[in-house]
Protein chains: 2
Amino acid sequence: MDKPERCDFLYVHQETVEKVQNSMPAEEDLYDLAELFKVFGDSTRIKILYALLEAELCVCDISQLLGVSQTAVSHQLRVLKNSSLVKYRREGKNIFYSLADDHVRSVLGQGMDHIKE
Amino acid sequence: MDKPERCDFLYVHQETVEKVQNSMPAEEDLYDLAELFKVFGDSTRIKILYALLEAELCVCDISQLLGVSQTAVSHQLRVLKNSSLVKYRREGKNIFYSLADDHVRSVLGQGMDHIKE
DNA sequence: CGTTCATATGAACACTTTATCATATATTAT
DNA sequence: ATAATATATGATAAAGTGTTCATATGAACG
């Protein structure tokens with residue numbers, strides 16, 4: 001253990017703090033990571049993602065499934081799209097959304113594990 | 001494929017929607033999950049968690065390390081504590097925080113994988 | 001005991017975010 | 001073309017969030 005020092009001017013545990021500082025990811029990555037989790041941090045979007053785990057769905061399906069207005073779903077899908085969490089394809093008047101990759105599944109899974117303790 | 005129906009009154013793809021509906025976790029779990037990710041969705045808290053991946057730290061250490069005021073750190077630690085993401089122990093005037101369990105590490109890791117694509 | 005240091009808490013304010021409403025775009029059918 | 005359907009977009013209002021400031025608590029020590 002290193003010597004405690006005054007908090008407002010010196011590190012209390014300077015050695016430890018320096019070690020940790022060197023292990024921290026780049027500021028930008030930490031910021032992006034927070035942005036990503038922010039996207040997961042809304043129950044409407046979580047529901048959309050869970051629905052898309054099972055099947056490709058059009059906006060209308062999602063709207064009915066969740067009991068959320070089409071407009072709200074559309075807005076949230078845009079957020080998910082901007083974070084590359086979902087992709088879409090057009091088929092006539094419908095636009096079908098699906099998960100962009102398998103990270104979504106893992107992230108949701110890890111989160112659910114924590115909840116279920 | 002099932003027959004498309006009018007969106008505002010019937011499911012567009014009723015069969016699919018029903019299948020998905022049965023696979024959805026309980027409303028409450030989805031809500032809790034969103035709450036959990038909301039906690040990860042702030043860069044100050046993300047930084048705190050990453051710091052705690054490496055070592056147990058007191059509030060002052062964290063404050064210095066991140067260049068964030070003691071008050072702000074304290075407020076955020078409370079949020080993390082309320083979500084059972086961190087635990088703490090007192091040692092004299094210091095209070096040392098550490099990660100509550102290993103889910104944090106996995107969640108952060110999965111998220112970072114997505115970012116790094 | 002009173003002081004100092006480490007941390008916590010409450011209120012206030014600025015900033016975001018989300019749903020809603022009205023409207024626009026795009027596709028298909030008549 | 002016109003109408004109808006599916007989805008997207010922009011503005012607005014309401015709710016939520018994070019930081020700061022001022023202050024409180026709690027421990028150690030002369």
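Hydrogens, waters and symmetry mates play no part in the numbers below; they use all other heavy atoms, side chains included. Since we're looking at a predicted model, the values are computed, not measured. Just so it is clear: chains get the letters A, B, ... in the order the sequence lines come, proteins before strands, and each one is counted from 1.
A donor-acceptor pair under 3.5 Å links the side-chain atoms of R90(A) to the main chain of G92(A), judged by distance alone. Counting only distance, with no hydrogens or angles, the side chain of H103(A) and the backbone of I115(B) share no donor-acceptor pair below 3.5 Å. Side-chain N or O atoms of N22(B) include one that pairs as donor or acceptor with a backbone N or O of E18(B) at under 3.5 Å. Using modelled atom types, no side-chain atom of R45(A) and backbone atom of V73(A) make a donor-acceptor pair closer than 3.5 Å. The backbone N or O of L30(A) lies less than 3.5 Å from no partner atom in the side chain of K47(B), so there is not a single donor-acceptor pair. The main-chain N or O of V68(A) is found under 3.5 Å from a side-chain atom of S63(A) such that the two form a donor-acceptor pair. Not a single donor-acceptor pair under 3.5 Å links the side chain of D61(A) to the backbone N or O of V17(B).
D42(B) contributes atom CG, which lies 10.0 Å from atom OH of Y31(A) (distance to the nearest 0.5 angstrom).
As rounded to whole Å, 17 Å separates atom P of dA6(C) from atom CG of L65(B). Put simply, CD on Q64(A) is 14 Å from C1' on dT5(D), counting in whole angstrom units. Rounded to whole Å, the distance from NE2 on H13(B) to P on dT5(D) is 16 Å. Per the geometry, CZ belonging to F96(B) stands 11 Å off C1' belonging to dA6(C), to the nearest Å. Look at NZ on K93(A): it is 7 Å from P on dA29(C), rounded to the nearest Å. E91(B) places its CD atom 16 Å from the C1' atom of dG26(D), with the value rounded to the nearest Å. In this structure, the CG atom of L77(B) is 12 Å from the P atom of dT19(D), given to the nearest Å.
Side-chain contact between L80(A) and Y97(A): absent, with no pair of heavy atoms (C-beta onward) separated by less than 4.5 Å.
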Before giving the answer on ring-ring contact (aromatic ring centres under 6.0 Å, His included), spell out for H114(A) and F37(B) the whole-Å C-alpha distance, their side-chain angles and the decisive distance to 0.1 Å.
CA-CA 11 Å; H114(A) 183 84; F37(B) 285 125; 9.8 Å; no

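With distances taken from any side-chain atom of Q76(B) to the nucleotides dT19(D), dT7(C), dC5(C), the minimum falls on dT19(D). Comparing dA26(C), dA8(C), dA8(D) against the side chain of R90(A) picks out dA26(C) as the nearest.
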Pick out the pairs of N or O atoms, protein on one side and nucleotides 20-23 of chain C on the other, that lie under 3.5 Å.
{"from": "dT20(C)", "atom 1": "OP2", "to": "S69(A)", "atom 2": "OG", "distance (Å)": "3.4"}
{"from": "dT20(C)", "atom 1": "O4", "to": "H75(A)", "atom 2": "NE2", "distance (Å)": "3.2"}

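Scored by the side-chain contact (heavy atoms from CB on, under 4.5 Å) test, R78(B) finds H75(B), N82(B) as partners (sequence neighbours excluded). Every residue two or more places apart in sequence or in another chain that forms a side-chain contact (heavy atoms from CB on, under 4.5 Å) with S106(B) is listed here: Q110(A).
Within a heavy-atom distance below 4.0 Å of DNA chain C, the residues of residues 34-45 of chain A found are K38(A), D42(A), T44(A), R45(A). Interface residues of residues 78-88 of chain A facing DNA chain C, ordered by number: none; criterion, heavy-atom separation under 4.0 Å.
When the local axes at the two ends of the helix from dC1(C)-dG30(D) to dT30(C)-dA1(D) are compared, using 5 base pairs at each end, they differ in direction by 10° after rounding to 10°.
Side-chain nitrogen and oxygen atoms of Y97(A) include at least one within less than 4.0 Å of the OP1 or OP2 phosphate oxygen of dA8(D). Under 4.0 angstrom from either OP1 or OP2 of dT27(C) there lies no side-chain N or O belonging to N94(A).
Stacking of K81(B) on the aromatic ring of Y88(B) is recorded, both the 6.0 Å distance cut-off and the 45° axial limit being met.
Ion pairing between D29(A) and K116(B) holds under the 4.0 Å rule for side-chain N and carboxylate O.
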